[in-house]
Amino acid sequence: MRSRIISLMGLLLITCAPGYGARPNPQQALDAVKTGNLRYLSGKTLHFEVSKEKREISASDGQQPVAIVLGCSDSRVPVEMVFDQGLAEVFVVRVAGNICGTAELASIEYGVKYLQIPLIVVLGHSDCGAVKAAVDSAAGGAALPGLLPALVNKIAPAVAVAKRSHPEKRGNELVHAAALANVWLVANEMFSNSTIVKNAVFANRLKIVAAIRDLKSGKVTFLGEYPQPATLVVPGKNR
Ligand SMILES: [Zn+2]
């Protein structure tokens with residue numbers, strides 16, 4: 001298993017060697033995905049077709065994605081379309097409920113460490129089935145089959161936070177509150193559990209932002225940065 005992982009990373013290093021162009025800073029990267037979502041909302045996207053030239057350049061010169069997006073597997077949240085980004089422009093990690101387990105975080109670490117990607121977007125969405133399942137499970141609903149409980153259990157802390165913060169909410173309102181809590185908890189998890197991510201944030205080379213997409217309107221609402229810059233305790237500086 002270990003040798004397979006090492007050979008996979010080697011392959012990625014060869015095929016993803018840094019190549020062309022100056023990299024955006026974290027704020028420029030955030031502006032790029034925000035304006036991409038506005039283009040998507042306007043119906044006038046730039047990336048409906050992929051040019052032969054772009055495909056060949058990205059194949060030969062490697063990838064320089066503007067952002068890592070951790071999003072849900074839900075087919076209604078196609079990340080490249082939502083942010084109107086083209087081939088080789090976003091490094092996408094998708095898993096139901098946009099949770100951040102070991103494999104997801106390792107993928108993110110690869111993007112931060114080896115591709116110097118300056119932005120992570122934790123993208124939740126409205127009407128998320130995985131979050132709904134976690135809410136139902138917390139309410140004592142029917143047992144889930146197969147491996148699904150392992151996934152839903154990762155969202156349980158967000159449901160607990162939503163219930164504590166909004167004891168009056170029920171049904172879809174509670175699901176939405178849990179989806180919001182989930183993107184923040186996931187952002188906290190990736191920051192807390194990864195030295196690579198944490199060091200890049202401390203060095204101002206990386207921003208983590210939480211965001212939520214409304215399925216009906218398509219709009220992505222950016223909720224803010226994690227951790228808030230004012231609360232950052234930079235090792236050796238703020239103490
Ligand atoms: Zn979902």
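Ligands are counted one by one from 1 in listed order, and the atoms in each one are counted from 1 as well. Any value given below was found using the heavy atoms of this structure, including those in side chains, with hydrogens, waters and symmetry copies removed.
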- Protein N, O or S within less than 2.8 Å of the Zn ion (ligand 1), waters excluded: Cys72 SG, His125 NE2, Cys128 SG
- Taking Asn37 for its side chain and Val220 for its backbone only, find out whether a donor-acceptor pair lies under 3.5 Å. yes
- Task: In plain terms, say whether Asp74 and Arg76 are close enough for a salt bridge, that is, a side-chain N and a carboxylate O under 4.0 Å apart.
- Result: yes
- Would you list the pairs meeting salt bridge (Lys or Arg N to Asp or Glu O under 4.0 Å) in which at least one residue belongs to residues 128-155, sequence neighbours left out? Asp127-Lys132, Lys154-Glu189
- Sub-4.5 Å side-chain heavy-atom contact between Phe83 and Leu123: yes
- Using side-chain contact (heavy atoms from CB on, under 4.5 Å) as the criterion, point out the one residue from Ile120, Leu119, Val201 that pairs with Val112. Ile120
- Are the side chain of Glu109 and the backbone N or O of Ser107 linked by a donor-acceptor pair below 3.5 Å? no
